[in-house]
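Position 1 is the first residue of the sequence; numbering continues from there.
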Amino acid sequence: DFEGAAGAKAWLEREIEMDETECLHREWRALLSEEIREEVVVLDRGGRLYIWDGWHRVAASISRGIAVKAIVGRPI
């Protein structure tokens with residue numbers, strides 16, 4: 001849980017700082033200004049969603065107030 005838009009942005013900013021400090025070149029800063037094209041992958045288990053892939057994209061979407069594009073998996 002990111003505890004709202006401010007929490008999502010604070011978490012993402014810490015991740016960006018780590019990425020840039022360690023010269024990892026993941027380009028997470030772009031998520032704050034560019035279109036997020038790739039869907040995240042979530043698992044719906046009993047009505048609760050769990051992020052499988054895409055934490056940074058989710059945080060950026062929440063902090064920017066835009067819809068999260070997702071592929072949702074459900075166990076059979």
Side-chain angles (χ1 to χ4, degrees):
D1 295 311
F2 293 118
E3 299 179 18
K9 187 166 187 179
W11 179 84
L12 185 56
E13 286 176 349
R14 288 190 302 272
E15 290 288 293
I16 290 168
E17 181 180 339
M18 181 224 25
D19 176 56
E20 292 175 351
T21 299
E22 296 180 13
C23 300
L24 299 174
H25 306 289
R26 293 184 176 132
E27 306 302 326
W28 289 328
R29 185 173 299 283
L31 295 172
L32 293 173
S33 59
E34 296 178 4
E35 179 185 1
I36 300 171
R37 294 184 189 94
E38 188 176 338
E39 299 90 350
V40 302
V41 179
V42 297
L43 171 65
D44 179 348
R45 188 173 295 271
R48 185 166 170 102
L49 299 177
Y50 297 89
I51 299 171
W52 182 264
D53 176 60
W55 281 94
H56 297 89
R57 286 168 279 155
V58 169
S61 295
I62 292 171
S63 70
R64 293 172 58 188
I66 60 176
V68 176
K69 299 174 188 175
I71 298 169
V72 181
R74 293 178 178 88
I76 52 174

(message) Is there a path of hydrophobic side-chain contacts, each under 4.5 Å between heavy atoms, that joins W52 and W11?
(response) no
(message) Between E20 and R29 (salt bridge meaning N to carboxylate O under 4.0 Å), is one present in this structure?
(response) yes
(request) Kindly compute the distance separating CG (L31) from CZ (R26), expressed to the nearest 0.5 Å. (result) 12.5 Å
(message) Do L49 and I51 sit in one hydrophobic cluster, given that two such residues count as connected whenever their side-chain heavy atoms are within less than 4.5 Å of each other, even indirectly?
(response) yes
(message) If I compare all heavy atoms of K9 with all of S63, which pair ends up nearest, and what's the gap?
(response) CB-CB, 3.5 Å
(message) Ignoring hydrogens, what is the shortest heavy-atom contact between A8 and A59? Give both atom names and the distance.
(response) CB-O, 3.5 Å
(message) Test of understanding: clusters of I, L, V, M, F, W, Y form through side-chain heavy atoms closer than 4.5 Å, transitively. Do L43 and V41 belong to the same one?
(response) no
(request) Would you check, one step at a time, whether the test side chain to side chain contact (heavy atoms under 4.5 Å, CB included) holds for F2 with V58? (result) CA-CA 10 Å; F2 293 118; V58 169; 3.9 Å; yes
(message) Here's a test for you: under side chain to side chain contact (heavy atoms under 4.5 Å, CB included), which of M18, R57, E17, E13 qualifies with W28?
(response) M18
(message) Return the CD1 to CG distance between I62 and L12, rounded to the nearest 0.5 Å.
(response) 10.5 Å
(message) I need the I36 CD1 to H56 NE2 distance, nearest 0.5 Å.
(response) 12.0 Å
(request) Starting at NE2 of H25, measure out to CG of D19 and round the result to the nearest 0.5 Å. (result) 8.0 Å
